[in-house]
Amino acid sequence: MRMLVLPGDGIGPEITAATSTVLDELNRALGLGIETEQHDIGLLALERSGSTLPEETMACIPEVDGVVLGPVSHYEYPERSKGGINPSAELRTVFDLFANIRPCVSRADLTALRRPMDLVIVRENTEGFYSDRNMFAGSGEFMPDEDTALSIRKITAGASSRIARTAFELARKRRRRVTAVHKANVVKLTDGLFLREVRKIAADFPDVELQELIVDAAAAALIRRPDDFDVIVTTNMFGDILSDEASELSGSLGLGGSINVGHDMCLAQAQHGSAPDIAGRDVANPTSLILSVAMLLEWHGERRCDPRFVEAATVLHDAVERVLDVREHRTADVGGSTGTQEFAAYVVDEIRSGVAVATTALTKEHR
């Protein structure tokens with residue numbers, strides 16, 4: 001397996017370094033044969049090459065099996081004509097990474113919720129209210145005069161259908177319930193089209209229950225009755241907002257994994273931003289990116305029918321959970337006092353311990 005690491009901006013280099021440390025140990029312990037290479041993107045790449053996303057990096061991506069993307073400070077980038085390309089949006093659109101998959105599971109000692117949460121949000125990634133990716137040519141956002149700004153929302157049957165299928169396939173592996181979140185009472189045509197396609201796909205999954213919920217009601221229900229949800233499928237901006245809400249309610253935005261997937265590619269990306277205010281201080285929480293890599297490994301293993309990578313994902317996820325179970329081993333944002341690289345070292349220790357225990361059990365089983 002070949003993997004490309006793109007550190008990004010702000011805390012990106014620190015949490016990708018911590019993630020790489022953990023991945024290297026997992027690779028060594030399980031003999032996965034993962035090869036990694038690293039390319040600079042973001043502000044550092046802009047300074048060196050004149051672009052936040054150099055052409056040689058883009059050319060490399062189709063040649064690898066997975067990408068690890070650190071957070072980026074795209075608010076600080078110049079306009080596109082001056083080299084300021086948002087790597088997150090560009091990779092999603094150019095490589096058609098149409099599904100953003102974000103699990104949210106509450107931790108009892110960190111959650112703000114009264115009832116447990118265990119859900120996955122499946123967010124359409126390539127259109128919707130995100131006008132920077134809605135047009136074949138030109139911009140989807142414009143000003144006809146100095147006091148009027150317009151932004152185009154795009155919803156297509158094809159994009160709605162495939163994100164719905166992704167959600168139903170995932171729900172079939174879980175508790176068999178999909179909630180389609182929309183605002184069809186107001187944006188009747190676009191969300192009406194989205195719901196039409198979701199219902200069509202639902203007919204192919206008679207064993208999976210479909211619920212429909214208006215987005216503001218969904219935002220409230222995540223707080224009041226989070227255990228009612230299994231898989232949520234929704235459009236781009238609604239999914240962006242609801243997944244941040246759900247992650248923070250479950251414990252912290254820094255604790256959940258996230259992947260962006262297409263038919264042939266997977267990109268692991270932390271749920272949070274680049275946090276430039278704490279960059280360089282070794283206090284950033286790398287959990288989200290580490291768990292995102294675990295999701296990437298699972299995706300790769302399932303796609304290639306290679307159980308080694310699915311097992312590796314489980315080993316990595318369980319190691320992180322055991323570290324988080326010890327309060328003092330957590331980073332400061334979730335009540336601990338551990339630094340970024342020290343947290344990675346604790347995860348490495350847990351990987352070694354977990355692999356050793358599994359090896360011993362396997363040896364006894366075959367005696």
Side-chain angles (χ1 to χ4, degrees), residues 1 30 32 65-66 96-107 115-125 159-181 194 197-213 218 221-222 225-235 238-239 242-243 246-247 250-251 255-269 271 288 290-321:
M1 180 183 186
L30 297 179
L32 299 172
D65 298 300
D96 201 23
L97 305 179
F98 62 86
N100 179 215
I101 300 174
R102 293 176 60 165
C104 300
V105 180
S106 56
R107 297 190 65 86
R115 293 158 66 173
M117 173 184 285
D118 179 3
L119 59 85
V120 180
I121 295 179
V122 179
R123 163 193 171 196
E124 203 290 317
N125 234 358
S160 299
S161 178
R162 66 184 182 178
I163 198 65
R165 185 167 296 279
T166 300
F168 275 89
E169 288 174 348
L170 179 59
R172 183 171 270 174
K173 300 175 184 177
R174 290 173 49 90
R175 301 191 303 277
R176 298 176 182 263
R177 177 184 297 171
V178 170
T179 303
V181 174
F194 169 72
E197 296 305 308
V198 171
R199 292 165 186 160
K200 284 182 181 179
I201 296 300
D204 295 336
F205 294 82
D207 54 324
V208 178
E209 177 187 0
L210 172 62
Q211 299 178 331
E212 298 175 7
L213 195 60
L222 283 172
R225 44 185 180 84
D227 48 345
D228 278 1
F229 295 102
D230 179 22
V231 174
I232 294 174
V233 63
T234 190
T235 52
F238 296 160
L242 291 178
S243 55
S247 293
S250 67
L255 294 179
S258 173
I259 55 174
N260 302 281
V261 300
H263 293 301
D264 301 309
M265 184 178 297
C266 180
L267 181 149
Q269 183 177 17
Q271 291 191 10
S288 181
I290 294 172
L291 291 179
S292 300
V293 168
M295 294 176 69
L296 167 58
L297 293 172
E298 182 178 22
W299 176 88
H300 179 76
E302 291 179 346
R303 180 170 174 268
R304 295 294 181 90
C305 298
D306 191 335
R308 295 179 305 147
F309 290 93
V310 177
E311 177 193 359
T314 301
V315 169
L316 180 52
H317 183 274
D318 291 350
V320 171
E321 288 297 317

### Query
Among N125, I259, L267, whose side-chain contact (heavy atoms from CB on, under 4.5 Å) with N100 holds?
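That would be N125.
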
#### Entry: Main-chain N/O of A180 paired to Q211 side chain as donor or acceptor, under 3.5 Å
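Looks like no, no N/O pair under 3.5 Å.
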
### Task
Please check if the side chain of T179 supplies one atom and the backbone of F229 the other of a donor-acceptor pair under 3.5 Å.
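Such a contact is absent between T179 side chain and F229 backbone.
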
### Task
Name all residues meeting the salt bridge (Lys or Arg N to Asp or Glu O under 4.0 Å) criterion together with R225; count only those two or more places apart in sequence or in a different chain, and write none if there are none.
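Salt bridge (Lys or Arg N to Asp or Glu O under 4.0 Å) list for R225, sorted by chain: D228.
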
### Query
With E298, which residues qualify under salt bridge (Lys or Arg N to Asp or Glu O under 4.0 Å), at least two apart?
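Once residues adjacent in sequence are excluded, E298 has no partner under the salt bridge (Lys or Arg N to Asp or Glu O under 4.0 Å) criterion.
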
Can you see which heavy atom on [X] is nearest to which on [Y], and at what distance?
| X | Y | answer |
| --- | --- | --- |
| Q271 | S243 | OE1-O, 4.4 Å |
| L222 | A246 | CD1-CB, 4.4 Å |
| I163 | F194 | CG2-CE1, 4.3 Å |
| A268 | S292 | CB-O, 3.5 Å |
| F98 | T166 | CE1-OG1, 3.5 Å |
| S258 | M295 | N-SD, 3.6 Å |

Working to the nearest 0.5 Å, report the span between [atom1] of [X] and [atom2] of [Y].
| X | Y | atom1 | atom2 | answer |
| --- | --- | --- | --- | --- |
| N260 | R102 | CG | CZ | 9.5 Å |
| S106 | L255 | OG | CG | 11.5 Å |
| I201 | L210 | CD1 | CG | 11.5 Å |
| E311 | D306 | CD | CG | 10.0 Å |
| I121 | L170 | CD1 | CG | 12.0 Å |
| L296 | L291 | CG | CG | 12.5 Å |

Do [X] and [Y] have side chains that get closer than 4.5 Å, going by heavy atoms?
| X | Y | result |
| --- | --- | --- |
| F168 | V198 | yes |
| R162 | D96 | yes |
| W299 | V261 | yes |
| R308 | L30 | no |
| L32 | M1 | no |

### Task
Run the salt-bridge test on E321 and R107 with the 4.0 Å N-O cut-off and return the result as yes or no.
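Looking at E321 and R107, the cut-off is met.
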
### Query
Would D65 and R303 pass as an ion pair if we require N to O under 4.0 Å?
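No, this pair does not count.
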
### Query
Looking at R174, R177, R176, which hits salt bridge (Lys or Arg N to Asp or Glu O under 4.0 Å) with E209?
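Answer to the salt bridge (Lys or Arg N to Asp or Glu O under 4.0 Å) test with E209 among R174, R177, R176: R177.
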
### Task
State which residue, out of R172, R175, K173, fulfils the salt bridge (Lys or Arg N to Asp or Glu O under 4.0 Å) condition with D207.
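Per the salt bridge (Lys or Arg N to Asp or Glu O under 4.0 Å) rule, the option paired with D207 is R172, out of R172, R175, K173.
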
### Query
Residues two or more places apart in sequence or in another chain: which of them pass side-chain contact (heavy atoms from CB on, under 4.5 Å) with V310?
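Applying side-chain contact (heavy atoms from CB on, under 4.5 Å) to V310 gives E302.
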
